[in-house]
Amino acid sequence: MMYRIVAKKPLAHKETLFEVEAPEIAAKARPGQFLIVIPKEGGERVPLTICDYDARKGTVSFAFHEVGKSTKEMGTFEEGECLSNVTGPLGNPSEIKNFGRVLCVGGSIMIAPLLLQAKALKDAGNHVTTVLGCRSKEFLFMEDEAKARSDVVYVASDDGTVGEKGIAFLNELLRKERFDHCVVMGPVVMMKTVSEITKPFEIPTIVTLTPIMIDGMGMCGVCRVTVGGKMLFGCVDGPEFDGHQTNFDELIKRQRTMLPEERLSSILYGADGGCKCGRQ
Ligand SMILES: Cc1cc2nc3c(=O)[nH]c(=O)nc-3n(C[C@H](O)[C@H](O)[C@H](O)COP(=O)(O)OP(=O)(O)OC[C@H]3O[C@@H](n4cnc5c(N)ncnc54)[C@H](O)[C@@H]3O)c2cc1C
Ligand code: FES
């Protein structure tokens, strides 16, 4: 099977969207599910959330942020080139139904998959308010897509260079408007903050957890998360969980388990000139 990249779209600095030929995955994919991509033979398994699929064309899309060796390496692939392996769809699909008034909050690269869910929620009859969170103006992307898939769109940036400054404005919004359901996809710290904001308003809040994963199929146990005091597997029990019940601090700690090795691998890859010649 060849997983050919049919489109490569730069979203922001070091943030890219790939549309890849994978007809069997495209036929089954649903919002909220993820893929495991091996960019180059013998390479690492990279879990990435599905941000679009087209069963007719036989393609599936995902967006990635270059944070370490494997994602940097993926960024060097061009249209027409093939990824070594793409497995999926993995994990459980999002619950899509008419909740009423829905708040969708996306941060950083996870804005791309969030908008797939926003579209499905709007198609299901919900009134959708979307918040796009970014570090600063130059990292904002897909604003037009958000407007097309939502009834109302807000932008928030960490440094205030575009839209609201920080995510705290949500407190004010929730005091003024009623929401029946909230979906958050983004950095763990952001999902934790939004869950803390929605909790006193008693708005059910669903977060997409991204623990370190290996097989993505419930076999290795690496992706353990604690939700509601129970140990669950991110891959087969999630990746979506109740944000009000999630132990985010434990997740943050577990995500950093391999930090020294990841830093070294990234430095060595940089020293290689970032080539795709097969050296690890
Ligand atoms: C269900 C799920 C969905 C995800 N969706 C997206 C997405 O849509 N777009 C995106 O850019 N990123 C997504 N991620 C995170 C992405 O998998 C990591 O950024 C990537 O694996 C980093 O690999 P690296 O070699 O480039 O960086 P490394 O230097 O190896 O790691 C950098 C950091 O990424 C995390 N990470 C590393 N390896 C893994 C792994 N095997 N599984 C999970 N996290 C890891 C760790 O926190 C680590 O500190 C998702 C993760 C999960 C679990
Ligand atoms: S990634 Fe192995 S059990 Fe979830």
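Counting starts at 1 for both ligands and their atoms, following the listed order.
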Starting from atom 3 (S) of ligand 2, locate the nearest protein heavy atom and write down its residue, its atom name and how far away it is, to 0.1 Å. G221 N, 3.1 Å
Protein contact of atom 20 (C) of ligand 1 - nearest heavy atom, named by residue and atom, plus distance: V46 CG1, 3.8 Å
Under 4.0 angstrom from ligand 1, any heavy atom of A63? yes
Please find the N/O/S atom of D215 nearest to atom 2 (Fe) of ligand 2 and write down its name. OD1
Short N or O distance, I212 and ligand 1, threshold 3.5 Å exclusive: no
With a cutoff of 4.0 Å, is R256 in contact with ligand 1, counting heavy atoms of the residue only? no
List the closest protein heavy-atom neighbour of atom 1 (S) of ligand 2: residue, atom name, distance to the nearest 0.1 Å. G216 N, 3.2 Å
Side chain or backbone of M219 under 4.0 Å from ligand 2, or both, or neither, by non-hydrogen atoms? backbone
Quick one: which of T208, V67, L209 has a heavy atom closest to atom 34 (O) of ligand 1? V67
Evaluate side-chain hydrogen bond (donor to acceptor under 3.5 Å, both in side chains) for T198 paired with H244, printing each intermediate quantity in order. CA-CA 8 Å; T198 59; H244 298 158; 2.8 Å; yes
Working for side-chain hydrogen bond (donor to acceptor under 3.5 Å, both in side chains), residues E41 and S84: CA-CA 5 Å; E41 205 178 332; S84 175; 5.3 Å; no
Ignoring angles and geometry beyond distance, decide whether Q255 reaches within less than 3.5 Å of ligand 1 through its nitrogen or oxygen atoms. yes
As a test of understanding, state which of K8, R4, K57 forms a salt bridge (Lys or Arg N to Asp or Glu O under 4.0 Å) with E19. K57
N, O or S from C235 under 2.8 Å to atom 4 (Fe) of ligand 2: yes
F99-F179 aromatic ring centre distance below 6.0 Å: no
Would you say atom 18 (C) of ligand 1 makes contact with the protein, given that contact here means a non-hydrogen protein atom less than 4.0 Å away? no
